[in-house]
Each structure stands twice: as structure tokens, then as C-alpha cells.
Number of protein chains: 4
Amino acid sequence: MKSTKPKYNQIIEAAVKVFAENGYHGSQVSKIAKAAGVADGTIYLYFKNKEDILITVFKEKMGQFIEEIALATGKQVSAEKKLFTLIDMHIKQLSNDHDLAIVTQLELRQSNVTLRRQINQVLKPYLTMIDNIINVGIESKQFRKDINVPLMRQMIFGTLDEIVTNWVMKEHKYDLVSQVPQVHALLIHGLRS
Amino acid sequence: MKSTKPKYNQIIEAAVKVFAENGYHGSQVSKIAKAAGVADGTIYLYFKNKEDILITVFKEKMGQFIEEIALATGKQVSAEKKLFTLIDMHIKQLSNDHDLAIVTQLELRQSNVTLRRQINQVLKPYLTMIDNIINVGIESKQFRKDINVPLMRQMIFGTLDEIVTNWVMKEHKYDLVSQVPQVHALLIHGLRS
Amino acid sequence: MKSTKPKYNQIIEAAVKVFAENGYHGSQVSKIAKAAGVADGTIYLYFKNKEDILITVFKEKMGQFIEEIALATGKQVSAEKKLFTLIDMHIKQLSNDHDLAIVTQLELRQSNVTLRRQINQVLKPYLTMIDNIINVGIESKQFRKDINVPLMRQMIFGTLDEIVTNWVMKEHKYDLVSQVPQVHALLIHGLRS
Amino acid sequence: MKSTKPKYNQIIEAAVKVFAENGYHGSQVSKIAKAAGVADGTIYLYFKNKEDILITVFKEKMGQFIEEIALATGKQVSAEKKLFTLIDMHIKQLSNDHDLAIVTQLELRQSNVTLRRQINQVLKPYLTMIDNIINVGIESKQFRKDINVPLMRQMIFGTLDEIVTNWVMKEHKYDLVSQVPQVHALLIHGLRS
DNA sequence: AATGAATGAGGCTTCATTCAT
DNA sequence: CATGAATGAAGCCTCATTCAT
């Protein structure tokens with residue numbers, strides 16, 4: 001059996017690279033086609049339009065991203081450790097794939113509201129995962145019982161997102177992974193001395 | 001009151017509105033000109049190009065935004081109260097100006113990296129302000145002394161940013177201001193029960 | 001019954017239908033292939049190109065159309081009756097096959113001059129048949145002897161063509177066949193009271 | 001006062017020429033622009049899209065065409081003379097403007113049904129004019145009283161249309177105007193000797 | 001004979017920017 | 001200062017046709 005849908009995968013991989021290097025609006029379809037080694041028209045055998053490429057790239061890549069984190073956090077029992085694992089994996093995965101990080105943190109936002117809504121759909125399982133961890137923590141009394149879960153989730157996700165975006169904007173010049181324990185500590189203990 | 005450069009201000013105000021309603025890429029220069037009641041060409045007497053409109057809008061509006069927060073936090077002595085005031089003002093100001101919130105949280109991101117760097121320049125004083133509050137807290141021993149300041153700042157800003165973005169994406173359907181105390185509590189105490 | 005070249009006939013029949021429903025420019029080769037239940041490439045085993053499908057469809061269908069009329073008029077002796085039969089058959093055949101009527105009256109004209117010349121070739125025997133009827137009428141003194149035959153033929157054909165086109169444009173909303181005697185009368189007697 | 005809308009008229013004139021030479025589908029917008037001596041984009045300051053050029057050309061030119069005929073037939077009193085004038089003017093005007101004739105008889109038909117409906121709207125006043133002439137003839141008893149007016153109109157228009165189309169297809173190789181009296185005679189007296 | 005995935009040329013249209021008035 | 005008509009580069013997408021299997 002041949003590797004399934006070879007052109008499809010070629011296009012996906014090329015798109016991540018091209019989007020990362022040029023941004024969404026700077027990534028002409030012809031440029032993606034060239035990078036994928038296919039004809040322009042071939043793109044449209046697999047994707048409805050240019051926007052569809054971006055959203056599909058995101059779905060495929062983000063699906064794996066979330067899957068990995070779900071798997072790893074599932075192995076932990078305590079909410080604190082689950083949270084640590086989530087932070088760790090979130091940062092490690094994006095640290096290891098600069099192109100993907102650029103796409104998720106920068107290029108993906110260069111899109112209209114409609115597209116952003118679709119992106120939010122893809123992110124939903126991830127956000128639900130965070131909610132679940134918080135709830136586990138509350139039930140096990142590791143976390144305060146009066147926590148507003150959506151707010152807390154926004155804090156966790158917003159913090160991770162901002163940290164990775166900063167790192168991408170600084171062109172990956174420093175090491176992110178070593179900051180994981182501190183991020184975890186801040187989220188757990190807060191600022192108060 | 002400045003009546004100087006009336007057209008300039010007309011354009012700025014029109015641009016905020018048009019960007020908020022149509023997004024950056026949906027805001028043709030001619031649309032902004034029409035909304036401002038000037039000719040297309042007039043725009044170019046005041047702005048270098050379309051990008052320049054966006055960055056200028058952001059500078060003007062964000063300048064005021066930051067100024068207000070600086071003023072208010074300056075009146076507080078304790079770091080905790082300064083932080084509370086910052087959160088409060090950040091959320092209140094964007095709550096009160098939906099158009100501005102849409103521009104800062106959504107449309108501004110629909111831009112290339114170069115533009116985003118300029119935006120970061122504008123944001124810098126704000127981020128420094130947050131850093132200063134954290135440092136005051138550390139010095140006064142209200143905050144833990146082993147805190148990584150940039151990280152903490154990313155957490156605070158990232159949290160606020162995510163919270164406001166969520167609210168904008170949900171089309172301002174719920175009240176943000178009432179959540180200020182909880183946000184403050186989370187940042188101060190963290191998750192730990 | 002021919003079972004030879006079954007695919008060929010499938011394609012012809014599918015093409016009439018697809019052309020009638022979508023027009024020439026709205027009938028992609030792939031759409032015809034799908035309607036015919038064959039692969040896109042198969043079309044090119046039987047037809048040189050897309051234009052060739054149209055002209056072939058027309059030749060096949062128009063051939064039958066003309067053949068039927070030739071047969072029926074041949075059975076009549078007097079020029080007037082021949083003419084009546086021709087009008088009758090022309091209108092009846094197109095009345096009975098809406099798809100064909102749409103193709104001949106509308107879609108076929110959506111083509112370039114080269115194609116139209118080929119169409120004229122196919123029509124030639126029909127026009128000659130009209131000429132012959134007129135000549136018979138002149139010789140038998142049923143028709144005026146000073147008639148300009150080509151002109152008269154253009155009048156007869158133009159009248160029929162316009163009548164059918166009008167009926168197609170009105171989406172076949174009224175009955176054509178009942179008008180046959182009046183059309184015949186007009187052509188025979190003219191306007192003069 | 002400058003000649004009004006000079007570019008608009010340049011485009012209209014260029015379009016007639018280009019359509020006549022290349023057909024609708026062979027007339028790229030860029031080709032029309034070049035022929036008009038304007039930039040491609042300028043076309044879109046005056047026309048919604050390519051189809052709009054065709055329909056506008058037709059409206060402008062056909063409007064004049066009909067106006068001229070209306071004026072001339074209005075000067076005649078008897079129905080027969082009105083009809084003669086209509087035939088005469090119809091054929092003379094198209095005889096004198098080969099490009100226009102090509103556009104009306106050939107290129108205009110290379111369009112979809114929607115467009116053709118618009119064309120019919122433009123033609124409507126002309127068809128009404130023919131109806132009126134027939135009715136005048138019936139009332140004055142010059143024409144038979146049992147005539148089906150729409151049918152007669154289709155005969156008149158269909159005949160003229162076919163005659164002009166044939167002449168265009170034969171590349172204007174013979175003289176049309178001299179046939180006017182014969183056409184008129186045929187329509188008035190019919191075939192019967 | 002049949003397939004259908006792949007090709008790639010080609011065209012309509014948009015819109016930021018300019019410049020003569 | 002202000003205008004707004006004009007520009008023209010640039011890009012997404014379609015679809016007739018091919019060819020390896």
C-alpha cells in the first residue's frame with residue numbers, strides 16, 4: 001500500500017512551512033504549490049480554497065498537539081501533576097516545532113473572524129481538557145473550591161499563549177522549557193508571598 | 001480642546017469604527033475616507049499608507065489607555081492595590097469601548113510581523129508598568145521574592161488579554177467588570193486551596 | 001437496435017441533458033462524464049474536445065430531426081401541404097423534446113463563429129429542403145413566380161426559429177402546436193386583408 | 001464643457017469593436033481596456049463586471065437603433081408604410097454598422113440565459129412597436145382582422161433577424177438594402193400566387 | 001478500452017496608491 | 001490643503017485536457 005494521500009500530506013507540510021515563513025497573506029497559493037512540488041490546481045483537489053488550507057493545517061497539527069497532551073495528562077492522577085504535564089507538553093511541543101509555533105501564535109491570527117471561530121472550535125477540546133483538570137483539582141480539594149472555572153481556564157491558556165507568543169516574537173532566542181516549573185508554580189501559588 | 005488638524009482626528013475616529021466593523025483586510029482605504037468624510041487622497045496627506053493608519057490609531061488610542069492606567073495605579077501605594085487598579089482599568093476601559101476592544105483584540109492581530117513589532121513598541125510602556133508593580137510588590141514583600149518578573153508579567157498580561165479576547169469573541173454577551181475581583185484573587189493567590 | 005458503442009451513446013444523451021440544463025459554458029466536461037456514468041478521460045476517446053461534443057450532439061439529433069421532416073414532407077405532393085407538414089413537424093418535434101429545444105435555440109448559440117459555421121453545415125440540408133418546397137410551389141404555380149427563394153427560405157426558417165425561441169424563453173409555458181395552422185396561413189397569405 | 005464621460009464612451013466604442021472582432025468569450029477585459037486606451041481597473045469604475053459591459057453596450061446602441069426606427073415609423077400614417085419603414089430602417093442601420101450587426105446577431109447570443117433575459121427587456125419596446133403597427137393595420141383594415149398579433153410579430157422580427165444573421169455569417173458579402181422591397185412584399189402578400 | 005488524478009494556462013476583479021487639477 | 005479619477009500589479013480559482021496505470 002502506498003503512503004496514503006501523498007500529495008495531500010505534501011501540501012499540508014509545505015503549507016506549514018510557507019505560512020510560517022511568509023504569513024497567511026504573504027503565502028500565495030502558487031507558493032505553497034511550488035513548495036509542495038505540485039501544480040497550483042492540485043491544491044484545489046484537496047482543499048476548497050486558501051482559507052481551507054489554513055484551517056486544515058491547523059486541525060491536523062492541533063489535533064495531534066491536543067492528542068499528545070490528553071494522553072500525557074491522562075497518565076497523571078493529581079490535578080497539580082496534570083496541570084504541570086499540560087504546561088510542560090504545551091511548551092515543549094511548540095518549542096520543538098518552530099514553524100508550527102509561528103503558525104499558531106502569529107499567522108493564524110491574521111485571519112477574519114469567521115475563520116477564528118472555526119479555530120476556536122478546534123481548540124475547544126483543549127479548553128475542555130483544562131476545565132476538567134481544574135474540576136478534578138477542586139473535587140480533590142487541591143484547588144480552591146470557589147474558583148471560577150472559565151476564568152481560571154482563561155488565565156492558564158492566556159498565560160501559556162502569551163509566553164509562547166513572546167518567545168516566537170523574540171525569534172526563539174531563549175529557552176522556554178526551563179521556565180515550565182516557574183510557570184506551574186505561579187499558577188498554583190499566585191503572587192502572594 | 002484641539003481643533004487643530006480636524007481631518008486628522010476625523011480619520012482616526014472613522015478608522016477605529018471601520019476597522020472594528022470590517023476588520024483590517026475588510027477596511028478599504030476608500031471606506032475609511034468615506035466614513036471620515038474626506039477624499040481618498042486626503043488620507044495620504046496624514047498617513048504614509050494603510051498600515052500607518054492602523055498603527056497610528058493604535059498609538060493614539062493605546063497611549064490614552066496606558067496613560068489612564070498609569071495615572072490610576074500611581075495613586076495607589078501597595079502593589080496589590082496597584083495590580084487591582086490595573087486589572088480594573090484594563091477591563092473597564094475595553095468594556096466601555098467595544099470598537100476599541102475589537103480593534104485591539106482582533107483586528108490588530110490581522111497584520112504582518114513587522115506591524116506586530118511596532119505594536120509591541122507601543123505596548124512596551126504598559127508592560128514596563130506591570131514590571132514596576134511586580135517589583136514594588138517584591139520590594140515591599142507583598143509578593144514572593146523568587147518571582148521571575150518577565151514571566152509574571154506575561155502571566156498577568158496574557159490572562160487579561162485572553163479574558164478580553166474571549167469576551168469580544170462572544171460578542172460582549174456577558175459582563176466583564178464584575179469579574180475583576182476574581183481575576184485579581186487568582187493572580188494573587190493562585191490555584192492552591 | 002444498436003448496442004455498439006454504448007458509452008458513445010451514453011455520452012451523447014447525457015450531453016443533451018447537461019447542455020440543456022446548464023448551458024454550454026456551464027457544462028463542464030466532468031459534469032457530462034458524470035451524467036454519462038463514465039470517466040472524464042473516456043470522453044476523449046470518443047470526442048476530440050468539448051466543442052466536438054456539442055457539434056456531434058447537434059449533428060446526431062439534428063440529423064434525425066431533418067430526416068423525419070424529409071420523410072413526412074416527401075409524402076405530400078402539393079407545395080402548400082409540404083410546407084404545412086414542415087412547419088408542423090418542426091414545431092412538434094421541438095415541442096416534444098424540451099431539452100433538445102433548449103440546446104438548439106439557446107445553448108448552441110453560445111459558441112464562437114467557427115462552431116456556428118459547422119452548425120450551418122448541418123443545417124444546410126434542411127434549408128435546401130425548404131428551398132425545394134418553395135421551388136415546387138413556384139413550378140406548380142401555387143406560389144408566386146417572382147419570389148426570391150433564399151429570402152423566402154430565410155423568412156420561413158427565421159419565423160419558425162423565432163417562434164420556438166420565444167416559447168423556450170417563456171419556459172414552454174404555452175402550447176405551440178396549436179399555432180401551426182396560423183403560422184402556415186401567415187406564410188401563405190401574408191398580412192394583406 | 002468637456003465631452004461628457006469621455007472614458008465611458010471610449011470604453012463603449014472599444015467594446016463594440018472588440019466584441020465584434022473576438023466574440024464575447026474571446027474579448028478579455030484587458031483587451032477592451034487596451035483598445036479603449038485606459039487601464040484595466042478603469043473599466044470597473046464604469047461597469048460592474050464584464051457582462052455589464054455587454055449589456056450596456058447593447059442598451060446604448062439598441063436604444064439609438066430603436067429610437068431611430070420609432071421616429072421614422074411615426075412619420076408614416078398607413079400600416080403598410082410603417083412596416084416598410086421599419087424593415088427599411090432595421091436593415092439599413094445594421095447594414096451601415098457592421099460591428100454593431102456582428103454584436104447583435106452573433107456575440108450577444110453567446111451569453112447565458114440571465115443575460116438574454118435582460119437583452120429581451122431592451123428589445124421589448126421594439127417588439128411593442130411592431131405590435132402597434134400590426135394593430136394599426138388591423139384597425140384600418142389594411143391587415144386581416146383574424147391575425148394573431150404576437151405570432152405575426154414573431155414572424156416579422158424572426159424574418160428580419162434571420163436575414164441579417166445570414167448576411168453577417170456570409171461576412172456581409174452581398175447587399176441587403178436592395179432586398180427591402182421584397183421582404184416587405186413577402187410579409188404583406190405571403191407566398192400564395 | 002477505461003480510468004481519474006494531475007496539470008497549468010489564463011482571466012476577472014480588487015484596491016492601495018498617485019497625481020493633475 | 002484637498003480632491004477623486006485613474007492606475008495596474010497581483011492572486012485566487014476553474015476546468016479542458018493529458019497520460020500513467
Side-chain angles (χ1 to χ4, degrees), chain A residues 2 5-8 10-11 25-34 36-53, chain B residues 5-8 10-11 24-34 36-53, chain C residues 5-8 10-11 24-34 36-53, chain D residues 2 5-8 10-11 25-34 36-53:
Chain A
K2 312 237 183 80
K5 293 181 167 190
K7 306 255 166 182
Y8 177 83
Q10 280 168 43
I11 295 167
H25 291 289
S27 298
Q28 295 81 339
V29 171
S30 61
K31 207 182 269 178
I32 297 173
K34 195 171 205 176
V38 301
D40 291 20
T42 306
I43 302 266
Y44 292 89
L45 296 177
Y46 297 99
F47 302 91
K48 220 170 58 249
N49 50 37
K50 187 181 165 184
E51 201 174 281
D52 191 34
I53 306 174
Chain B
K5 293 185 168 189
K7 306 248 170 184
Y8 177 84
Q10 281 168 43
I11 295 167
Y24 180 68
H25 290 288
S27 298
Q28 295 80 339
V29 172
S30 62
K31 204 182 269 178
I32 297 172
K34 193 174 203 177
V38 302
D40 293 18
T42 306
I43 300 264
Y44 291 86
L45 297 176
Y46 297 98
F47 301 90
K48 211 166 70 248
N49 51 34
K50 186 179 168 186
E51 206 174 275
D52 190 35
I53 305 174
Chain C
K5 292 184 168 191
K7 307 248 167 181
Y8 177 83
Q10 282 168 43
I11 295 167
Y24 181 69
H25 290 289
S27 297
Q28 295 80 340
V29 172
S30 62
K31 206 183 267 178
I32 298 173
K34 194 173 200 177
V38 303
D40 292 18
T42 306
I43 301 265
Y44 291 86
L45 297 176
Y46 296 98
F47 301 90
K48 212 168 69 247
N49 52 36
K50 186 180 168 184
E51 205 174 274
D52 190 34
I53 306 174
Chain D
K2 311 237 182 80
K5 292 183 170 192
K7 306 255 166 185
Y8 176 84
Q10 281 168 43
I11 295 167
H25 290 289
S27 298
Q28 295 81 339
V29 172
S30 61
K31 208 182 268 179
I32 297 173
K34 196 171 203 176
V38 303
D40 291 19
T42 306
I43 302 266
Y44 292 87
L45 296 177
Y46 297 98
F47 302 90
K48 220 169 57 250
N49 50 37
K50 188 182 166 184
E51 201 175 281
D52 191 35
I53 305 174

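Letters A, B, ... are given to chains in the order of the sequence lines, protein chains preceding strands, and every chain is numbered from 1.
When the C1' atom of F/dT14 is taken as reference, atom CG of A/L45 falls 11 Å away, rounded to whole Å. Between C/H25 atom NE2 and F/dA16 atom P the separation is 10 Å, expressed in whole Å. Taking atom CD1 on A/I43 and atom P on F/dT14, their separation rounds to 13 Å, with Å as the unit. D/K31 places its NZ atom 19 Å from the C1' atom of F/dG8, with the value rounded to the nearest Å. One can place OH of C/Y24 at 8 Å from P of F/dA16, the figure rounded to the nearest angstrom.
Remark: DNA chain E forms stems of 3 or more consecutive Watson-Crick or G-U wobble pairs, all pair distances under 3.5 Å, at E:2-21 with F:2-21.
Within the 3.5 Å criterion, the main-chain N or O of C/Y24 finds a donor-acceptor partner in the side chain of C/K50.
Separating the CD1 atom in A/I11 from the CG atom in A/L45 is a distance of 8.0 Å, to the nearest 0.5 Å. The structure places CD of C/Q10 at 6.0 Å from NZ of C/K7, a figure rounded to the nearest 0.5 Å. Annotation: the span from D/I32 atom CD1 to D/I53 atom CD1 amounts to 4.5 Å, rounded to 0.5 Å.
Nearest-nucleotide assignment on DNA chain F puts the 5′-proximal partner with A/D40, out of C/D40 and A/D40. Remark on DNA chain E: of its neighbouring residues C/A39 and B/Q28, the 5'-side contact belongs to C/A39, judged by nearest-heavy-atom nucleotide. When each of C/G41 and A/S30 is assigned the nucleotide of DNA chain F bearing its nearest heavy atom, the one mapping closer to the 5' terminus is A/S30. Remark on DNA chain E: of its neighbouring residues A/T42 and C/K7, the 5'-side contact belongs to C/K7, judged by nearest-heavy-atom nucleotide.
Partners of B/N49 under the side chain to side chain donor-acceptor pair (under 3.5 Å) rule, at least two apart in sequence or in another chain, do not exist in this structure. Partners of A/Y8 according to the side chain to side chain donor-acceptor pair (under 3.5 Å) rule, which considers only residues two or more places apart in sequence or in another chain, are A/E60. Under the side chain to side chain donor-acceptor pair (under 3.5 Å) criterion, B/E51 pairs with B/N112, sequence neighbours left out.
Of all the heavy atoms in A/S30 and A/D40, the pair that sits closest is CB-OD2, 3.4 Å.
Heavy-atom contacts of chain B under 4.0 Å fall on DNA chain E between two terminal nucleotides, which in 5' to 3' order are E/dC15 to E/dT18.
Within residues 46-53 of chain D, the residues that place at least one heavy atom under 4.0 Å from DNA chain F are, in residue-number order, D/Y46.
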